[in-house]
Amino acid sequence: MHVVCSFSETGSRRSVTDSLSRSHPPKSLSYVTPGAGCTAVIVALVEGRGLAKGEIGMASFDLKRPEVILSQFSDSQTYTQVMMKLQVMQPIEVLMPSTACEAGNMTVLFKMISNMIKTANMVTVHRKYFNEAKGLSYIKELCLLEYRTVELEVSTKYYCLATAAALIKYVEYIQDAVYAPGFLKVTFQGSENTAMIDISTAENLELLSNAHNPASAQSLYGVLNHTKTPSGGVFSRTK
């Protein structure tokens, strides 16, 4: 499903410092209420243009806990890294600039995500909301004190800052809320010291699920997962 979102810059807003579940989305948007055992992740994505094509900025927000994870990396024409990250996060919505789907002409990345990430609604907003200066301002204002070093890591990373701006604005919009200063945990995850495994290899090696019985715990993840609750299992799987 593809949703076009237009933010409103007017109207009263309230600050929140506790549970997100008390707020509600506007009726014009398709929204999934997070429940036990399911993911509640919203991801914002932007790709560089021209000579920067293939440079990806990504930001994710888990509605179950106040945490923003930022990434920026160079990807191939097959977008292997983007697709692997989305497969792991299993987002309920993927937010991209409206330029990725103008007049029905989808970019390769937009079309690929639409076809392969069946759990997510595709949402587009005006490109102006992907603003790196606003993203850095949000991080300086909203980040918890103990995670403030993230500013140094992302201060020159244009694309992940741009996605942070659009994502935080969008989450505030659907939640009808404004976050209090020093409320969010913000971290940066690079691509260093990681190994990429394609989906078919992961399935053949039974890394996340048993190939013969998906309900079975006989997989690498099942052996290593010692969490006691469904939410804890989802959390450990995204790490």
Side-chain angles (χ1 to χ4, degrees), residues 1-35 38-46 57-72 85-86 88-98 100 113 117 119-144 147 150 154 159-189 231 234-235 238:
M1 179 178 179
H2 176 205
V3 179
V4 179
C5 179
S6 177
F7 296 135
S8 172
E9 300 291 350
T10 60
S12 60
R13 310 285 292 283
R14 67 179 183 280
S15 176
V16 294
T17 55
D18 51 3
S19 174
L20 294 175
S21 62
R22 295 190 304 175
S23 55
H24 55 277
K27 293 180 180 179
S28 60
L29 288 179
S30 174
Y31 182 71
V32 179
T33 301
C38 71
T39 61
V41 176
I42 297 176
V43 174
L45 270 172
V46 68
M58 179 184 289
S60 65
F61 191 109
D62 190 337
L63 297 177
K64 291 184 175 181
R65 55 185 182 274
E67 179 178 5
V68 176
I69 300 175
L70 307 175
S71 299
Q72 183 169 319
K85 284 179 177 290
L86 292 178
V88 171
M89 289 187 285
Q90 297 182 336
I92 57 174
E93 290 183 330
V94 176
L95 186 68
M96 294 186 72
S98 54
I113 295 173
I117 310 298
T119 60
N121 287 336
M122 300 298 295
V123 181
T124 57
V125 300
H126 198 284
R127 178 86 185 194
K128 69 180 181 180
Y129 292 108
F130 288 80
N131 184 304
E132 78 281 5
K134 188 65 174 178
L136 185 59
S137 176
Y138 273 138
I139 291 171
K140 289 180 177 179
E141 177 186 358
L142 301 177
C143 185
L144 287 164
Y147 292 95
V150 73
V154 302
Y159 295 107
C160 78
L161 289 175
T163 57
L167 180 65
I168 292 173
K169 177 73 174 179
Y170 177 73
V171 171
E172 287 185 341
Y173 176 71
I174 65 170
Q175 293 289 329
D176 190 23
V178 174
Y179 293 102
F183 179 61
L184 297 177
K185 175 183 176 181
V186 182
T187 58
F188 178 79
Q189 292 182 355
S231 295
V234 170
F235 177 77
T238 60

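Residue indices begin at 1 and follow the sequence shown. Any value given below was found using the heavy atoms of this structure, including those in side chains, with hydrogens, waters and symmetry copies removed.
- Cys143 approaches Val150 most closely through the heavy-atom pair SG-CG1, 4.1 Å.
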Show, in sequence, the C-alpha distance, side-chain angles and deciding distance for Leu70 and Phe188, and conclude whether the side chain to side chain contact (heavy atoms under 4.5 Å, CB included) test is met.
CA-CA 5 Å; Leu70 307 175; Phe188 178 79; 4.1 Å; yes
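- In plain terms, the two heavy atoms of Lys64 and Ala40 that are nearest each other are CG-CB, 3.9 Å.
- In plain terms, the two heavy atoms of Tyr138 and Ala164 that are nearest each other are CD1-O, 4.5 Å.
- For Thr187, the side chain to side chain contact (heavy atoms under 4.5 Å, CB included) test picks out Glu67, Ile69, Tyr147, Lys185, with sequence neighbours left out.
- Distance check: Lys85 NZ to Gln90 CD gives 15.0 Å after rounding to the nearest 0.5 Å.
- Residues Leu167 and Ala44 come closest through the heavy atom pair CB-CB, 3.8 Å.
- With rounding to the nearest 0.5 angstrom, the CD1 atom of Ile92 is 5.5 Å from the CG atom of Leu63.
- Here the OH atom belonging to Tyr159 is positioned 15.0 Å from the CE atom belonging to Met58, to the nearest 0.5 angstrom.
- Atoms CZ and CG, on Phe130 and Leu95 in that order, are 4.5 Å from each other to the nearest 0.5 Å.
- Counting only heavy atoms from C-beta outward, the side chains of Val123 and Ile42 never approach each other to under 4.5 Å.
- Here the shortest heavy-atom pairing between Cys160 and Ser71 reads CB-O, 3.2 Å.
- Summarising the geometry, atom CG belonging to Leu142 is positioned 13.0 Å from atom NZ belonging to Lys140; distances are rounded to the nearest 0.5 Å.
- Residues Phe61 and Pro66 share a closest heavy-atom pair of CZ-CA, 4.5 Å.
- Judged by a 6.0 Å distance limit and a 45° cone about the ring axis, Lys169 is not positioned over the six-membered ring of Tyr173.
- With rounding to the nearest 0.5 angstrom, the CG atom of Leu184 is 10.0 Å from the CD1 atom of Ile139.
- Looking at residues two or more places apart in sequence or on another chain, you find a side chain to side chain contact (heavy atoms under 4.5 Å, CB included) between Ile117 and Met83, Leu86, Gln87, Pro91, Ile113, Thr119, Ala120.
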Tell me, with the steps shown, if Val46 and Arg127 meet side chain to side chain contact (heavy atoms under 4.5 Å, CB included).
CA-CA 9 Å; Val46 68; Arg127 178 86 185 194; 3.6 Å; yes
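- For the pair Gln72/Leu161, no side-chain contact is recorded, criterion being any heavy-atom separation below 4.5 Å from C-beta on.
- Among Val41, Leu45, Thr163, the one residue that satisfies the side chain to side chain contact (heavy atoms under 4.5 Å, CB included) test with Ser60 is Val41.
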